[in-house]
Protein chains: 2
Amino acid sequence: MNLQEIDDLIRQAANKATKETNDEPEPGLTQDVVWPVDVKIGKGLEGAIATTTRIGYVNGAKGWLVYRGYNCFDLAEKSNFEETTYLLLFGKLPTTSELRNFKQKLVRYRSVPRKVFEVLKMVITPKTHPMSALETAVSVLGNLDEQANDTSAAGETEIAVKLIAQLATLAGAAARLHQGKSPLAPDPELSHAGNFLYMVTGKQPDEFSERIMDIALILHADHGMNASTFTTMVVNSSLSDMYSSVVAGIASLKGPLHGGANERVLYDLEEIGSAANVKTWFEKARETKRKVMGFGHRVYKAYDPRARIFGPIARLMAEKNPAIGGLYETAAELEKVVCGELGAEKKIFPNVDFYSGIIYKALGIETAMFTPIFAVSRIAGWTARALEYLADNRLFRPRAVYIGPIKAEYVPIEKR
Amino acid sequence: MNLQEIDDLIRQAANKATKETNDEPEPGLTQDVVWPVDVKIGKGLEGAIATTTRIGYVNGAKGWLVYRGYNCFDLAEKSNFEETTYLLLFGKLPTTSELRNFKQKLVRYRSVPRKVFEVLKMVITPKTHPMSALETAVSVLGNLDEQANDTSAAGETEIAVKLIAQLATLAGAAARLHQGKSPLAPDPELSHAGNFLYMVTGKQPDEFSERIMDIALILHADHGMNASTFTTMVVNSSLSDMYSSVVAGIASLKGPLHGGANERVLYDLEEIGSAANVKTWFEKARETKRKVMGFGHRVYKAYDPRARIFGPIARLMAEKNPAIGGLYETAAELEKVVCGELGAEKKIFPNVDFYSGIIYKALGIETAMFTPIFAVSRIAGWTARALEYLADNRLFRPRAVYIGPIKAEYVPIEKR
């Protein structure tokens, strides 16, 4: 096992992506938006332009994911979560001393007030959704921080950094409490990814596991104007406060239409049981019009670049960890069958959720924690975009078209 | 003091509204929206059509506020919060037995688990924003309810009714704890408004106070696609859960650009000190370009119908309660000066927040509780609209236009 293998896999995935899609920038990708703009919008505000951004770019047709101009393959291969977060928040790659200071700050902010653990202990049972517990915990943090209502750019940025550090601690605590164990103290010697993995699993991670968790955190850190990022921005636009905005982001990500998909992929794979059962299972799913989780995406009409990386990593982990070998084989067979059969009708590809669950399971993480991992990473994008919007803020307030009656006569209750 | 006086004031306000605005329905108010639709949108999604609705209608040009076809003057005069909530949630005015059952259910749901009070006690200090405490409390409720993740229409509706009842209890508890006192148990003999007032102030309300609180709750229950209602819908659209959706609504309403305005009106009035100081204060405010709170509205370009009702009620209360007499006189003078001076340039009117703070103060409620009162009422609109959207759900996901670089080269850290 060596780390070079992982770098090689990412490079191969990047080369494959370049070969399969036209890798030239489209003209007009960078647009000036002068409000108001004419747009065609669909239900769920599809196509509505909510804002302009310099933070991240997704090109669904080409399968591109870009943070601040850097493509996700380069970042997955060469960067780490701390640096990527710095890039998202502050708009440039840090120098050596900037990164050192930023890492030190994240480490200092890892610990949370004792009261938060007390509340977590009161609310978490094996039946609690860890995302609800995280929502509560961040809300409690906001109550306890006397600086919470400093909605200046500097104030909100500081809280963003604090929350990026603390959400990992809270998720680690939630994972332990969910299993009936006591939370662990953060280890200041470990990287953000390494410490998070340690707090969740209770084991000092080897460098291989730490690196894979780091890649997962990098690749989930931002993804265009997804529902939880948008929610965070909407709440922040009333000048609420960064804690409340992140609470709302967690509340949104919790939903199975958004953050909950990779959990469900794993339940499907476990239900299928083995590669040999895939064909029968899939035919039945098509007959009963059951949605097969982990395929297709509202934005990507090409292969999801994150899945290009996660697929080979899952394969590598399965080779070294026979316990998940069967899961991987089932998944690989399902991809072949789904993309083969449905692919004949329309292009369909696995998305980020298809292989990530297998990877987390191989890292020793229970399924209920998959969405919290997503949150621990995506908070970088949530806060970066909320801060960017705050700099030229306008309260989000779309409209609804009223289609009911206008003048109803109030009839006294005894005459109804 | 008699209740008829209040009814008369509301009727007079309604007549004045009819006289001053063209009260005929506009043609084309009821539109069919066929997605996708062409629109012109501004920053903050201004003008973007997020959905169609049969729940409520605001006509800003005419100064109309309508719930399910019933205008707000009729509802303020003839209805009560329980009935209005039933109307918003279920689309029709209830029969006698439907209303009785609904009221009984709200009363049954008033009590909350002991653990929630324990958490509130841990987080509330005199410095805590009561909205942050409410956010935490509702999130804790969600953790403790094993039915929380039932996102069927029936499941979410039941939780909505439960939360409408419980939010008043939580706000009452927050008010008491904020003052260093113990929360009170709900009184099942009182109406929703009466019990809420009792829990906040610690005094059995007289019928006059109860009626005024009821009117305030009716008039704040729904208001088009405002930011907190939209937030609640956005979170619910990921099929998160009704608790998390309401938590996000609270998080949004907390912001001073949304729910916090009436607090700030009162601080202004207290700063002005007396009617005699208004002119000087206002001239200084204009010179320093300080925003004068309580005037103008993103939607209303006519007199806010809620302010038409709250203004005279504040005057009536000031007559009977000399302690707020000075505040009312200051406010009335400020309205005269602002609307007189600015009114010469453009139409400007007081909004709902301008007089509501004086009324709450006259009811014996501390300023920090003004936004929680708003939440205790608006939760009716939040949940009604989230449930309506859920019936034909589509995840909210607008887009951002990327205006940054597309292909940046990753430079190793030692070369930056």
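In what follows, every chain begins at residue 1, and chains take the letters A, B, ... in the order their sequences are listed.
- For Val140(B), the parts sitting under 4.5 Å from any heavy atom of chain A are the backbone and the side chain alike.
- When side chains are defined from C-beta on, Phe396(A) does not count as touching Val234(B), because their heavy atoms never get closer than 4.5 Å.
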Exercise. For Leu257(A) and Asn393(B), run side-chain contact (heavy atoms from CB on, under 4.5 Å): C-alpha distance rounded to whole Å, both residues' side-chain angles, the deciding distance at 0.1 Å, then the answer.
Key: CA-CA 11 Å; Leu257(A) 292 192; Asn393(B) 189 59; 3.6 Å; yes
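- Your options are Thr128(A), Leu99(A), Asp145(A), Thr136(A), and the one with the most heavy-atom pairs under 4.5 Å with chain B is Thr136(A).
- For the options Leu144(A), Val119(A), Val39(A), heavy-atom pairs under 4.5 Å to chain B are most numerous at Val39(A).
- For His223(B), the ring pair (Phe, Tyr, Trp, His ring centres under 6.0 Å) partners at least two apart in sequence or on another chain are His297(B), Tyr300(B).
- A distance-only check finds a donor-acceptor pair linking the side chain of Tyr402(A) to the backbone of Gly69(B) [under 3.5 Å].
- Atom CD1 of Ile406(B) sits about 11.0 Å away from atom CG of Asn71(A), to the nearest 0.5 Å.
- The pair Glu46(B)-Arg394(A) meets the salt-bridge criterion, since a charged nitrogen lies less than 4.0 angstrom from a carboxylate oxygen.
- In terms of heavy atoms, Arg385(A) sits closest to Ala400(B) at NH1-CB, 4.1 Å.
- Per-residue heavy-atom pair counts under 4.5 Å with chain B were compared for Asp74(A), Asn226(A), Thr95(A), Val58(A), and the maximum is reached by Asn226(A).
- Listed here is the closest heavy atom pair of Lys78(A) and Tyr410(B): O-OH, 3.2 Å.
- At least one donor-acceptor pair closer than 3.5 Å links the side chain of Ser240(A) to the backbone N or O of Ala251(B).
- Closest of all the heavy-atom pairs between Lys40(A) and Pro36(B) is CG-CB, 3.7 Å.
- Remark: Tyr243(B) pairs with no residue by the ring pair (Phe, Tyr, Trp, His ring centres under 6.0 Å) rule, at least two apart or across chains.
- Counting heavy-atom pairs closer than 4.5 Å to chain B, the top residue among Ile55(A), Leu93(A), Thr51(A) is Leu93(A).
- Only the side chain of Phe230(B) comes within contact range of chain A, with heavy atoms under 4.5 Å apart.
- Put simply, of Thr151(B), Thr229(B), Asp38(B), the one with the most heavy-atom pairs under 4.5 Å next to chain A is Asp38(B).
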Item to complete: Please assess Lys254(A) against Asp241(B) for the test side-chain contact (heavy atoms from CB on, under 4.5 Å), listing each intermediate value before the final yes or no.
Response: CA-CA 8 Å; Lys254(A) 171 176 181 284; Asp241(B) 69 281; 2.8 Å; yes
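- The most heavy-atom pairs under 4.5 Å with chain A, out of Ser132(B), Ser238(B), Gly56(B), come from Ser238(B).
- Remark: side-chain polar atoms of Thr231(B) are not paired, donor with acceptor, to backbone N or O of Val235(A) under 3.5 angstrom.
- Leu395(B) contributes atom CG, which lies 7.0 Å from atom NE2 of His258(A) (distance to the nearest 0.5 angstrom).
- Using a 4.5 Å cut-off between heavy atoms, Val123(A) contacts chain B through both its backbone and its side chain.
- For chain A, the nearby part of Ser237(B) is the backbone; its heavy atoms alone come within less than 4.5 Å.
- No other option in Ala133(B), Ala148(B), Gly260(B) has as many heavy-atom pairs under 4.5 Å with chain A as Ala133(B).
- Although no hydrogens or angles enter the test, the distance criterion places a donor-acceptor pair under 3.5 Å between the side chain of Arg399(A) and the main chain of Gly47(B).
- For a residue to count as touching a neighbouring chain, one of its non-hydrogen atoms must lie under 4.5 Å from one of that chain's; by this rule Ile124(B) does not touch chain A.
- In terms of heavy-atom pairs under 4.5 Å with chain A, the best-connected choice from Ser245(B), Ala248(B), Pro256(B) is Pro256(B).
- If you check the side chains of Lys127(A) and Asn149(B), you find no donor sitting under 3.5 Å from an acceptor.
- For Glu146(B), the CD atom is loosely surrounded, since the number of other residues' heavy atoms within 6.0 Å does not exceed 12.
- The distance from the CE atom of Met122(B) to the CG atom of Asn143(A) is 11.0 Å, given to the nearest 0.5 Å.
- The greatest number of non-hydrogen atom pairs below 4.5 Å with chain A, out of Thr96(B), Leu75(B), Leu253(B), Val34(B), is found for Thr96(B).
- The backbone N or O of Pro94(B) lies less than 3.5 Å from a partner atom in the side chain of Arg416(A), making a donor-acceptor pair.
- To the nearest 0.5 Å, atoms CD1 (Ile49(B)) and NZ (Lys43(A)) are separated by 12.5 Å.
- A donor-acceptor contact shorter than 3.5 Å is absent between the side chain of Tyr57(A) and the backbone of Pro405(B).
- The structure places CD1 of Ile413(A) at 8.0 Å from CG of Asn80(B), a figure rounded to the nearest 0.5 Å.
- When the candidates His129(B), Glu83(B), Glu409(B) are compared by the number of heavy-atom contacts under 4.5 Å with chain A, Glu83(B) comes out ahead.
- Considering only heavy-atom pairs separated by less than 4.5 Å from chain B, the leading option among Gly259(A), Ala408(A), Gly91(A) is Ala408(A).
- Ranked by heavy-atom pairs shorter than 4.5 Å toward chain B, the options Leu239(A), Thr125(A), Val138(A) are led by Leu239(A).
- Atom CD1 of Ile403(B) sits about 4.0 Å away from atom OG1 of Thr52(A), to the nearest 0.5 Å.
- Only the side chain of Val66(B) comes within contact range of chain A, judged by heavy atoms closer than 4.5 Å.
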